[in-house]
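One structure is given below, encoded as structure tokens.
Below, all heavy atoms of this structure are taken into account, side chains as well, without hydrogens, waters or symmetry copies. Positions are given from 1 along the sequence.
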Amino acid sequence: MAYIDGLLGEGERILIVERRHPIFIAGRLALFILAAAVLVALGVWLGSAVSNLAGIIVGALAIIPLAVALWRFLAWHREQYIVTTARIVQVEGIITKRVMDSSLDKVNDILLTQSAMGRVFNYGTLEIVTGSEIGVNRLDALADPFRFKRAILDARSRMRWDDDRRVAPPEDVTRLLVALNELRNAGVLSESEYLEKRAALLGPGAR
């Protein structure tokens with residue numbers, strides 16, 4: 001997590017981190033591991049039936065699919081989908097890093113697509129529509145997409161609430177209290193968070 005920690009702004013916190021569902025990397029790794037096993041078996045057979053040198057050469061070739069499998073696993077592990085208190089961040093790359101982020105205040109809509117297989121294994125694709133030039137930030141094969149989507153919606157609601165609170169004149173306190181109560185009823189704020197924000201609005205001694 002050290003790399004993404006270095007990208008965070010002052011006061012920005014990580015709320016959730018997800019990756020592509022393991023089922024995708026498992027299927028790809030299985031092919032390379034099977035190829036390595038076949039090469040090792042062939043090397044053993046050649047060593048006994050033809051010559052030790054031929055067996056060693058063929059068996060050593062198993063290193064190639066194993067190295068590819070390791071590289072693909074690392075690429076999967078380093079690709080992260082992250083929600084912070086301010087942004088949605090996508091990080092990928094082992095040596096060369098690529099970071100794409102979308103500010104929460106620019107998110108206009110979130111489209112979740114799940115196939116039948118996705119519902120069974122709990123993965124899906126999130127398309128995050130923003131007001132930026134990119135337009136759509138696509139997160140493919142995301143594990144636990146509902147949890148990730150809820151994290152985005154909750155973070156965006158909290159951000160808007162904090163923005164309203166910073167700019168609101170004193171006469172809008174009543175409106176903000178109503179909005180605060182609605183956030184609590186919707187489950188966006190816990191009871192303790194609700195009481196803390198209510199006390200901050202009303203000042204010391206508020207009940």
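Judged by distance alone, with hydrogens and angles left aside, the side-chain atoms of Glu79 form no donor-acceptor pair with the main-chain N or O of Trp76 at under 3.5 Å. Between the side chain of Lys149 and the main chain of Pro145, no donor-acceptor pair closer than 3.5 Å is present. A donor-acceptor pair is defined here as one N or O able to donate and one able to accept, closer than 3.5 Å; no such pair exists between the side chain of Arg156 and the backbone of Asp105.
Minimum heavy-atom separation, Ala62 to Val40: CB-CG2, 3.7 Å. The nearest pair of heavy atoms linking Val83 to Phe148 is CG2-CZ, 3.4 Å. Residues Thr113 and Glu127 approach most closely at OG1-OE2, 4.4 Å, considering heavy atoms. Contact between Ile16 and Ala151 at its shortest, heavy atoms only, is CG2-CB, 3.6 Å.
Leu8 places a side-chain heavy atom less than 4.5 Å from the side chain of Arg87. Side-chain contact between Leu126 and Leu111 is absent, with no heavy atoms from C-beta onward closer than 4.5 Å. Between Ile110 and Ile152, some side-chain heavy-atom pair lies under the 4.5 Å cut-off. Using a 4.5 Å heavy-atom cutoff, the side chains of Leu142 and Thr125 are not in contact. In this structure, the side chains of Ser51 and Leu46 stay at 4.5 Å or more apart for every pair of heavy atoms. You'll find the side chain of Ile82 stays beyond 4.5 Å of the side chain of Leu15, heavy atoms only. Side-chain contact between Tyr81 and Val17 is absent, with no heavy-atom pair separated by less than 4.5 Å. Taking the side chain as every heavy atom from C-beta outward, Arg98 and Val91 never approach each other to under 4.5 Å.
Screening Glu18, Gln90, Arg19 for a side chain to side chain contact (heavy atoms under 4.5 Å, CB included) with Gln80, the sole residue that qualifies is Arg19. Leu39 pairs in a side chain to side chain contact (heavy atoms under 4.5 Å, CB included) with only one of the listed residues (Leu61, Leu34, Leu66), which is Leu61.
The pair Asp140-Arg138 counts as a salt bridge, with a side-chain nitrogen and a carboxylate oxygen less than 4.0 angstrom apart. Salt bridge annotation for Glu92-Arg78: absent, with no cationic side-chain nitrogen under 4.0 angstrom from a carboxylate oxygen.
Both Ile128 and Leu112 belong to a single network of hydrophobic side chains, linked directly or stepwise wherever heavy atoms of I, L, V, M, F, W or Y lie under 4.5 Å apart. Under the 4.5 Å side-chain heavy-atom criterion for ILVMFWY residues, a single connected hydrophobic cluster contains both Leu42 and Val50. In the hydrophobic clustering of ILVMFWY residues, with side-chain heavy atoms under 4.5 Å counting as a link, Phe73 and Ile23 come out apart. Cluster annotation: Phe146 is connected to Ile88 through the hydrophobic network of ILVMFWY side chains, with a link wherever side-chain heavy atoms come within less than 4.5 Å. Residue Val38 is not grouped with residue Leu70 when hydrophobic side chains (ILVMFWY) are merged at heavy-atom distances under 4.5 angstrom, including chains of intermediate members.
Using a 3.5 Å distance cut-off with no hydrogens or angles, the side chains of Glu12 and Thr84 do pair a donor with an acceptor.
Ring geometry, Phe121 versus Tyr123: the interplanar angle falls under 30°, so the pair is classed parallel (tilted spans 30 to 60°).
Heavy atoms of other residues, nucleotides or ligands lying less than 6.0 angstrom from CG of Leu74 number more than 12.
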Item checked: Check against side-chain contact (heavy atoms from CB on, under 4.5 Å), Asn181 and Arg184 -> CA-CA 5 Å; Asn181 189 56; Arg184 179 184 62 170; 2.7 Å; yes

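From Asp154, atom CG reaches atom OG1 of Thr85 across 13.0 Å, with rounding to the nearest 0.5 Å. Here the OG atom belonging to Ser103 is positioned 6.5 Å from the NZ atom belonging to Lys106, to the nearest 0.5 angstrom. Between Arg72 atom CZ and Leu29 atom CG the span is 8.5 Å, to the nearest 0.5 Å. Within the model, atoms OG of Ser157 and CG of Leu104 stand 10.0 Å from one another, a figure rounded to the nearest 0.5 Å.
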